[in-house]
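I have placed the structure first, in the form of structure tokens, so that the comments after it can refer back to it.
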Amino acid sequence: MNPATERNYDLHCHSTSSDGELSPTALVQHAARQGVQVMALTDHDVTDGLAEAAAEAEKLGIGFISGVEISVTWQTHLIHIVGLNFDPANEALQQGLAGLRLKRQTRGDEIAQKLAKLGIEDALAGAQAYANGEILSRTHFAKFLVESGRVKTFQSAFDRYLATGKPAYAACEWCTLEEALGWIQGAGGVAVIAHPARYKLSATKLRALIGDFKALGGLGFEVISGSQGVQENHNMADYARRHELQASVGSDFHGPSQTWLGMGRIGPLPKGLVPVWHDWGIATAEMPA
Ligand code: AMP
Ligand code: MN
Ligand code: MN
Ligand code: MN
């Protein structure tokens with residue numbers, strides 16, 4: 001077996017601290033049951049779930065890496081940058097994330113106003129009822145739209161109302177790529193471009209994103225994502241090789257009701273890639289054989 005892939009890594013998933021369905025504890029228990037051996041919790045713009053998840057991971061004897069998924073505006077695109085293996089107590093990082101959470105509140109007000117104009121009242125309180133963590137996400141609005149009978153499925157909430165360009169979509173200027181990488185790297189972590197195929201960028205645009213990312217010291221590229229197709233993963237592995245980016249892998253698991261690939265089902269890293277965890281030194285000491 002390739003030494004780089006001898007353990008089952010999953011470095012991208014969500015808990016109830018952001019828009020996931022499972023508490024940090026339940027998420028780690030689920031990961032362990034699915035055979036994950038090293039995991040990172042990567043909630044959107046918040047690290048509140050890390051301490052609880054780390055404690056449970058220690059109890060269950062699985063490796064745990066600090067993580068976060070930061071909302072970035074690059075050119076006109078919403079890009080997600082995952083931060084891994086950083087110090088969650090870092091002040092600049094926490095101030096940056098707090099600023100993003102404020103933007104989420106303002107955007108939430110706008111989404112609710114747009115829904116009200118479409119005849120859907122009280123969406124803000126409705127969405128907040130699902131947001132028991134620190135952030136307000138479109139996922140919470142989608143849950144409210146389903147549960148209040150406005151749409152039949154979670155996906156149709158996005159397709160009809162919440163996705164980019166739909167009637168209740170509210171544009172938001174998130175942080176810059178430079179800020180996100182500054183916060184992650186300043187806290188000792190490594191930055192990863194999350195699910196790079198999901199943005200539907202042209203090859204030229206994706207190369208430009210990678211160029212900007214690398215110029216800022218960015219190292220990682222999520223070549224395998226549960227939210228990408230098999231062919232997309234294959235293409236992203238090619239980009240990582242060509243641009244000498246380190247490979248990361250993650251299910252982007254949000255909960256048992258999600259339709260895409262679950263935790264622990266990622267499979268081995270394609271050949272010829274340096275894994276983002278190659279120098280983390282967690283391969284033997286903390287891990288059961
Ligand atoms: P937010 O970060 O609040 O804008 O919400 C984004 C989250 O909503 C993503 O992390 C996904 O979990 C989900 N999401 C975004 N776009 C879609 C879509 N088109 N269909 C389904 N889920 C989506
Ligand atoms: Mn999400
Ligand atoms: Mn994402
Ligand atoms: Mn995610």
Side-chain angles (χ1 to χ4, degrees), residues 9-24 27 30-31 36 39-50 53 65-74 77-84 97 100-101 103-104 107-108 111 127 130-146 154-155 157-159 162-164 169 172 174-175 177 180 184 189 191-201 206 209 213 218 220-229 232-233 236 248-263 265-266 276:
Y9 280 77
D10 191 329
L11 301 177
H12 187 154
C13 60
H14 298 269
S15 75
T16 46
S17 269
S18 65
D19 60 347
E21 293 167 20
L22 302 180
S23 70
L27 180 73
H30 175 77
V36 172
M39 69 174 285
L41 171 62
T42 56
D43 278 312
H44 297 282
D45 306 323
V46 70
T47 61
D48 284 13
L50 294 181
I65 301 295
S66 58
V68 67
E69 182 173 21
I70 299 184
S71 310
V72 167
T73 300
W74 176 77
H77 305 276
L78 167 60
I79 302 291
H80 283 168
I81 298 293
V82 160
L84 295 173
L97 297 180
L100 289 171
R101 295 196 292 272
K103 288 181 190 232
R104 284 182 168 278
R107 184 194 61 160
I111 291 174
Y130 293 100
N132 51 3
E134 282 280 307
I135 71 144
L136 187 58
S137 163
R138 279 183 289 167
T139 304
H140 304 127
F141 282 95
K143 285 193 175 146
F144 162 72
L145 289 169
V146 175
F154 181 82
Q155 189 57 50
F158 278 90
D159 296 344
L162 300 168
T164 313
Y169 178 75
C172 185
W174 302 103
C175 70
L177 196 58
I184 293 166
V192 176
I193 299 179
H195 42 63
R198 278 250 308 269
Y199 313 118
K200 306 291 174 206
L201 300 175
L206 184 52
L209 172 62
F213 177 73
F221 204 63
E222 204 173 70
V223 299
I224 303 188
S225 167
S227 63
Q228 291 177 169
E232 289 175 327
N233 288 341
M236 294 307 113
S248 190
V249 299
S251 58
D252 205 358
F253 181 74
H254 282 71
S257 69
Q258 163 183 302
T259 52
W260 65 61
L261 209 65
M263 297 193 85
R265 299 285 171 270
I266 284 166
V276 75

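Note that ligands are numbered from 1 as they come in the structure, with each ligand's atoms numbered from 1 the same way. Quick caveat, the model's predicted, so the values are computed rather than measured.
For Tyr199 (side chain) and His80 (main-chain N/O), a donor-acceptor pair under 3.5 Å exists by modelled atom type. Between the side chain of Ser17 and the backbone N or O of Gly49, at least one donor-acceptor pair lies under 3.5 Å. Remark: side-chain polar atoms of Thr42 are paired, donor with acceptor, to backbone N or O of Cys13 under 3.5 angstrom.
Salt bridge present: Asp252 and Arg198 bring a charged side-chain N and a carboxylate O closer than 4.0 Å.
Between atom OG1 of residue Thr139 and atom CG of residue Leu162 there is a gap of 9.0 Å, rounded to the nearest 0.5 Å.
Per residue Asp19, closest N, O or S atom to the Mn ion (ligand 2): atom name OD2. When the N, O or S atoms of His14 are ranked by distance to the Mn ion (ligand 4), NE2 comes first.
Residue-and-atom listing of protein N/O/S atoms under 2.8 Å from the Mn ion (ligand 3), sorted by chain and number: Glu69 OE2, His80 ND1, His195 NE2.
Residues satisfying the side chain to side chain donor-acceptor pair (under 3.5 Å) criterion with Ser18, sequence neighbours excluded, are His14, Asp43.
Across all their heavy atoms, Phe154 and Ala142 have their closest contact at CE1-CB, 3.5 Å.
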